[in-house]
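Below is one structure, written out as structure tokens; comments come after it.
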Number of protein chains: 2
Amino acid sequence: MQLSNSSQYAIRILAYMADNKDSKLLNATELAKTLYIPYKFLTKIMTELVKSGLVVSIRGRDGGYKFEKKTSEIMVSDILAIFNDSIKNEQCVLGIGFCNGLCKCALHDQWVEPKHLLQKMFQESSLEDIAGKGCKI
Amino acid sequence: MQLSNSSQYAIRILAYMADNKDSKLLNATELAKTLYIPYKFLTKIMTELVKSGLVVSIRGRDGGYKFEKKTSEIMVSDILAIFNDSIKNEQCVLGIGFCNGLCKCALHDQWVEPKHLLQKMFQESSLEDIAGKGCKI
DNA sequence: TATAAATACTACTTAAAGGTAGAATTAATT
DNA sequence: AATTAATTCTACCTTTAAGTAGTATTTATA
């Protein structure tokens, strides 16, 4: 019952970037050091974020990363989607596959409310919202 | 954001057993067939359930499994504990390790309510409660 | 134009979860 | 005592997530 490491790292990275979005560019070495994320793993994640259009990268000397979109327009759920970590409506606690209309699992009804709360939390938290909140380590 | 397959299977198995607790014993072959769970994986799970005292096994011909405790006294949270799938208080969404008092992650506050709901759902659902509810496949 | 510092790409390794195979053990029945 | 049908044990295989290594590419600056 946890997000993948990739998702967790990505959210932390982007939240940190949102904290420091005044500084033009942030590079992988700095991000990895200050966030205690393995450098090579971080660059892999950053490339995903670039490909999905949340972030742009400037290559070459003095390069780094910055946001492509406004931080108020990037929701945590957008980040989860990139790493296949979204909570889907059809997904159930005892799903393994999925609960469908014909066959509701034993915890189907109990799951409805927590699921909605989780989805709400991810869909309604923008990077702007969580910037400055908490430490990012 | 999902329970392990072992936990999901275990809950489904035990819920099915609770549905049929009038029949003296249920054996692995039958359980595997009716619940579409790989036989060998199911027996592995059952052995865990026996070791943890939720279920007793009768070995040898005409053997099988039955509950050791009352179904009203077995909570879903007890099952999760066996497979290290419990939702711990200290565990946070962006935890990877854990959020501690000094360092609260960016989603720490948003996580409090869904976490409690999840814990509540697991701690307050007994096998008796969910028996007969939904199909078990 | 050479150098240095950055991202990107390809491929690999490691660790954990998920699942399988086969033999050993147990016990009722014939 | 032999057979059969059940659980249990030990060991292995497979798949996926997590993480690492090395090289190629890009670009500012001296």
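Predicted model only: the values in this text are computed from it and were never measured. The chains referred to below are lettered A, B, ... by the order of the sequence lines, with proteins before strands, and numbering in each begins at 1.
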Query raised in the report: Which whole-number value in Å describes the distance from B:K44 NZ to D:dT8 C1'?
Result: 13 Å
Report task. Rounded to the nearest angstrom, tell me the gap between atom CZ in B:F41 and atom P in D:dC13. Result -> 18 Å
Report summary line: Residues B:A28 and B:T43: closest non-hydrogen pair is CB-CG2, 3.8 Å
Query raised in the report: Looking only at side-chain N and O atoms, does B:N5 come under 4.0 Å of OP1 or OP2 in C:dG19?
Result: yes
Report task. State whether B:E73 and B:K69 are salt-bridged, where the test is any N-O pair (Lys NZ or Arg NE/NH1/NH2 against Asp/Glu carboxylate O) under 4.0 Å. Result -> no
Requested in this report: Before giving the answer on side chain to side chain contact (heavy atoms under 4.5 Å, CB included), spell out for B:F67 and B:L49 the whole-Å C-alpha distance, their side-chain angles and the decisive distance to 0.1 Å.
Outcome: CA-CA 10 Å; B:F67 284 110; B:L49 296 177; over 6 Å; no
Query raised in the report: Quick one: B:I37 CD1 to C:dT20 P, roughly how many Å, whole number?
Result: 12 Å
Query raised in the report: Which part of the nucleic acid, if any, lies within contact of B:F83, taking any heavy atom under 4.0 Å across all strands shown: a base, the sugar-phosphate backbone alone, or nothing?
Result: nothing
Query raised in the report: Rounded to whole angstroms, how far apart are CD on B:Q2 and P on D:dT16?
Result: 14 Å
Query raised in the report: Within this structure, what is the CD-to-C1' distance between A:Q8 and D:dG19, rounded to whole angstrom?
Result: 15 Å
What nitrogen or oxygen pairs link the protein and nucleotides 6-9 of chain C at under 3.5 Å?
residue : atom : partner : partner atom : Å
C:dT7   : OP1  : A:A28   : N            : 2.8
C:dT7   : O3'  : A:S57   : OG           : 3.3
C:dT7   : O2   : A:R59   : NH2          : 3.2
C:dA8   : OP1  : A:S57   : OG           : 2.6
C:dA8   : OP2  : A:T47   : OG1          : 3.4
C:dA8   : OP2  : A:Y65   : OH           : 3.4

Query - A:L42 CG - D:dT20 P separation (whole Å) - result: 12 Å
Report summary line: CG (A:N27) and CE (A:M46) are apart, to the nearest 0.5 Å, by 10.0 Å
Query raised in the report: Please give, in whole Å, the distance from D:dA17 P to A:Y9 OH?
Result: 16 Å
Query raised in the report: Between CZ of B:R12 and OG1 of B:T34, what distance do you get to the nearest 0.5 Å?
Result: 9.5 Å
Requested in this report: For the residue pair A:N20 and A:S23, confirm or rule out a side-chain donor-acceptor distance under 3.5 Å.
Outcome: no
Report task. Round to a whole Å and report the spacing from CD of B:E48 to P of C:dA17. Result -> 13 Å
